[in-house]
Undergrad: 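For reference, the structure I am asking about is given below.
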Amino acid sequence: MRGSSPAFWAAARFQLGEFRRDPGTLLMLVTAPFFAVILLSVTEHGGRADLAPYAILAPAVMASIGMAVMEAGETIFRDRTAGVLEAVLTTPAPLATVLLGRIAAITAVSLAGIAECWLVGAVGFGVVVHVAHPLVFALTLAATAAGIAATGVLMAAVFVVGRNVRSFQNSLTFPLYLLGGAMVPVALLPSGVEALSRVFFLSWATDLLRDSLAPEPVAAFWPRLAAVLGLAAATFAAGSWLSHRLVRRVRRNGTVGFA
Amino acid sequence: MSITGIEAPAVEVRGLVRDFAVKGGPPRRALDDFDLAVAPGEVHGLLGPNGAGKTTLCKILSTVLLPTAGTARVQGLDVVADAKRVRPLLGIVFGGERGLYARMTAAQNLRFWAALYGHGRREGRRRAAELLERVGLGPRADEAVETFSRGMKQRLHLARGLVGDPRVLLLDEPTVGMDPVSAHEFRDLVEDLRAEGRAVLLTTHDMAEAEALCDRVSFIDGGRLLRCEDPRVLGELLSRHERVRASGVPEALAARLAALPGVERVRATGPGAVLVETDRGGAALPVLRTLVEAGVTDVSTAPPSLEEVYLHLIGDRGMAVRP
């Protein structure tokens with residue numbers, strides 16, 4: 001498709017510039033270390049040092065998915081308010097590509113939360129979490145980032161039709177944390193909720209990330225990674241399809257420029 | 001180009017209808033069986049009051065709005081069925097200050113939009129620099145758009161509209177907020193675009209601009225096309241509305257002028273100054289004779305301006321928004 005690749009990279013560069021112009025968009029990276037402090041305090045005082053990797057991973061993953069969802073909504077809201085969304089829709093670049101570029105940049109930056117939380121553990125609590133399986137960790141992290149970006153595209157597509165997206169995106173983050181196993185492994189959730197969580201790529205991803213930190217061999221790594229990537233691809237496909245459908249709807253209703 | 005070898009119209013609109021839903025009421029019709037054709041290389045003016053349907057037409061042509069009925073084509077391609085192929089052919093400049101990233105610099109904005117038209121990074125930089133020079137913003141290229149005056153933003157809008165190298169340019173009130181010098185430069189730019197063979201559909205309230213720039217002018221009101229003409233031909237059509245200006249005219253003489261056959265009305269435009277409007281071809285002659293015979297020498301005649309043509313066509317409602 002003409003224009004897709006330059007549009008993706010231009011959107012990503014634009015978003016990186018937005019972080020410089022408006023550091024407020026990085027707020028979740030400010031709050032993530034505080035969450036890490038809370039969770040590590042609980043695990044340390046509870047005598048469960050074995051749960052320290054969980055306490056470090058949880059706020060980092062929450063920051064990443066939270067930033068993607070929140071900024072996805074903000075991207076649409078701000079572009080619409082500034083009359084830019086209308087202009088974007090007149091260009092040959094597909095909206096989903098532009099959104100993917102911007103949210104991919106957000107996700108890449110949000111991964112800094114992992115380093116922040118790791119440092120909180122090391123410096124604040126003397127807990128140094130070792131990555132027992134670096135390759136598993138790196139590949140899973142890359143797949144997770146792709147899935148988070150895809151989730152952002154899906155959410156942004158929904159926000160194209162919504163007029164009051166902020167309350168929606170605020171409410172949405174906690175179910176995603178839960179279903180993604182960010183705070184609690186989904187295997188510990190009620191069976192119905194666990195089954196539901198298995199269609200969300202993040203539940204597979206967080207399990208794999210936790211397993212990559214433990215010294216035990218990682219069971220069925222490749223099939224599980226394939227599940228993460230497959231569900232991430234399905235999420236992006238759904239986001240692209242939905243953005244196409246919903247853009248057509250606002251073109252029909254004449255509400256593209258309504259903020 | 002069509003398969004017959006005959007170049008398709010740059011813009012072709014037939015029977016276009018667009019309704020907007022109104023809560024608790026019947027739909028509001030913004031375009032009603034609207035027809036329009038713009039030839040390649042033509043500068044076509046679209047004149048009408050607020051709410052006439054000008055922007056709705058631009059939005060349909062630029063693929064951000066779907067028509068309720070009828071067809072709209074750009075270089076032979078349907079804006080609904082072939083929207084993806086239409087977009088690279090079109091550049092749009094929406095009116096007002098919306099449509100730019102305020103905190104980005106002018107150059108960053110243009111590079112971003114160039115990428116959305118498929119231009120790589122190097123080409124985007126080249127096009128951005130070239131267009132900023134062309135619209136006179138070269139020295140301000142690296143300043144944030146939010147620091148720009150309204151006129152400068154309009155010029156940047158124009159540059160954005162050209163960044164995809166479009167064959168058809170839709171300009172929706174492009175000179176709003178521009179100072180007279182910039183507006184004059186804008187006219188030169190439109191002349192250049194015409195010379196490059198690009199078609200331009202220009203919506204405007206500025207009659208002088210339309211008269212100076214357009215090959216043809218379409219008058220629109222209530223979503224309907226009232227008339228489509230060469231601006232000069234249209235002026236000729238309404239030559240019966242020729243005007244006579246005079247000063248040093250006593251009230252009694254003004255009353256005599258008003259009684260002459262073919263005089264529509266006599267308006268006082270200042271102490272002793274009048275504007276005599278006629279509604280019949282040749283009616284200006286007895287008015288002039290009467291004035292000269294009465295010893296009035298400060299007299300001039302003028303054809304109706306495009307604005308008067310416009311007001312005659314849309315009636316006394318003038319610039320009021322249609323309910």
Side-chain angles (χ1 to χ4, degrees), chain A residues 1-25 74-75 78-102 105 160 244-259, chain B residues 18-21 28 30 55-56 58-68 79-80 83-105 108-109 111-124 144-146 157 160-161 163-164 166 170:
Chain A
M1 196 170 294
R2 186 192 171 191
S4 291
S5 175
F8 172 86
W9 290 110
R13 282 194 301 275
F14 167 79
Q15 190 59 46
L16 293 175
E18 279 290 275
F19 290 132
R20 284 196 303 274
R21 287 183 287 269
D22 182 11
T25 51
E74 286 299 305
T75 293
R78 284 196 292 256
D79 278 12
R80 205 172 211 171
T81 306
V84 177
L85 182 62
E86 206 164 40
V88 168
L89 294 180
T90 68
T91 70
L95 179 64
T97 303
V98 178
L99 290 173
L100 184 64
R102 293 185 66 169
V160 168
H244 179 75
R245 297 286 301 177
L246 296 180
V247 164
R248 191 169 173 84
R249 186 168 140 186
V250 292
R251 286 171 65 207
R252 192 170 53 242
N253 296 344
T255 53
V256 172
F258 286 6
Chain B
R18 174 65 213 200
D19 290 335
F20 286 99
R28 183 178 63 79
T55 297
T56 300
C58 286
K59 286 186 175 181
I60 289 174
L61 289 173
S62 63
T63 77
V64 293
L65 190 64
L66 295 175
T68 306
V79 298
V80 178
K84 280 182 189 167
R85 293 167 66 199
V86 166
R87 287 179 193 134
L89 303 173
L90 271 175
I92 177 136
V93 176
F94 292 121
E97 299 192 26
R98 290 157 58 83
L100 294 167
Y101 288 107
R103 283 187 290 194
M104 286 166 77
T105 68
Q108 285 170 336
N109 261 284
R111 290 200 292 265
F112 175 76
W113 292 106
L116 266 51
Y117 279 89
H119 296 302
R121 209 169 174 183
R122 186 176 298 172
E123 174 65 6
V145 172
E146 62 190 355
H157 269 301
R160 189 181 66 74
V163 82
L170 308 177

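What you see is a predicted model, and the numbers here were worked out from it, not measured in a lab.
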Undergrad: Rounded to the nearest 0.5 Å, how far apart are CG of A:L89 and CG of B:L116?
TA: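 Those atoms lie 10.0 Å apart.
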Undergrad: Against chain A, label B:L100 side chain, backbone, both or neither, depending on which of its atoms sit under 4.5 Å from a heavy atom there.
TA: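 Contact with chain A: backbone only.
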Undergrad: Nearest heavy-atom pair of B:F112 and A:A11: which atoms, and what distance?
TA: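 The pair with the smallest heavy-atom distance is CE1-CA, 3.9 Å.
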Undergrad: Counting only heavy atoms closer than 4.5 Å, note whether B:V163 contacts chain A via side chain, backbone, both or neither.
TA: neither
Undergrad: Taking only residues two or more places apart in sequence, or in another chain, which ones meet B:T68 in a side-chain contact (heavy atoms from CB on, under 4.5 Å)?
TA: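 So B:T68 forms a side-chain contact (heavy atoms from CB on, under 4.5 Å) with B:V17, B:R18, B:D19.
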Undergrad: To the nearest 0.5 Å, how far apart are OG1 in A:T90 and CZ in B:R160?
TA: 6.0 Å
Undergrad: Who pairs with B:A83 by side-chain contact (heavy atoms from CB on, under 4.5 Å), at least two apart in sequence or on another chain?
TA: A:R251, B:T63, B:R87
Undergrad: Between B:Q108, B:M104, B:R111, which residue shows the highest count of heavy-atom pairs closer than 4.5 Å to chain A?
TA: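 Ranked by heavy-atom pairs under 4.5 Å with chain A, first place is B:M104.
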Undergrad: Pick whichever of A:D22, A:V84, A:D79 has the most heavy-atom pairs under 4.5 Å with chain B.
TA: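 Result: the option with the highest number of such pairs is A:V84.
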Undergrad: Tell me the closest heavy-atom pair linking B:G118 and A:P6, and the distance in Å.
TA: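 Smallest heavy-atom distance, with atoms named: O-CG, 3.7 Å.
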Undergrad: Report, as yes or no, whether the 6.0 Å neighbourhood of atom CZ on A:R249 holds more than 12 heavy atoms from other residues, nucleotides or ligands.
TA: no
Undergrad: Between A:V88 and chain B, with a heavy-atom cut-off of 4.5 Å, which part of the residue counts as in contact: side chain, backbone, both or neither?
TA: both
Undergrad: Please classify the contact between B:L65 and chain A as side chain, backbone, both or neither, with a heavy-atom cut-off of under 4.5 Å.
TA: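 Interface part for B:L65: both.
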Undergrad: Report the option among A:V247, A:V250, A:T91 that has the most heavy-atom pairs separated by less than 4.5 Å from atoms of chain B.
TA: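 Of the options given, most contacts go to A:T91.
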Undergrad: Rounded to the nearest 0.5 Å, what separation is found between the CZ atom of A:R78 and the CZ atom of B:R103?
TA: 7.0 Å
Undergrad: Once you round to the nearest 0.5 Å, how far does CZ of A:R13 lie from CZ of B:R121?
TA: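 It is 4.0 Å, given to the nearest 0.5 Å.
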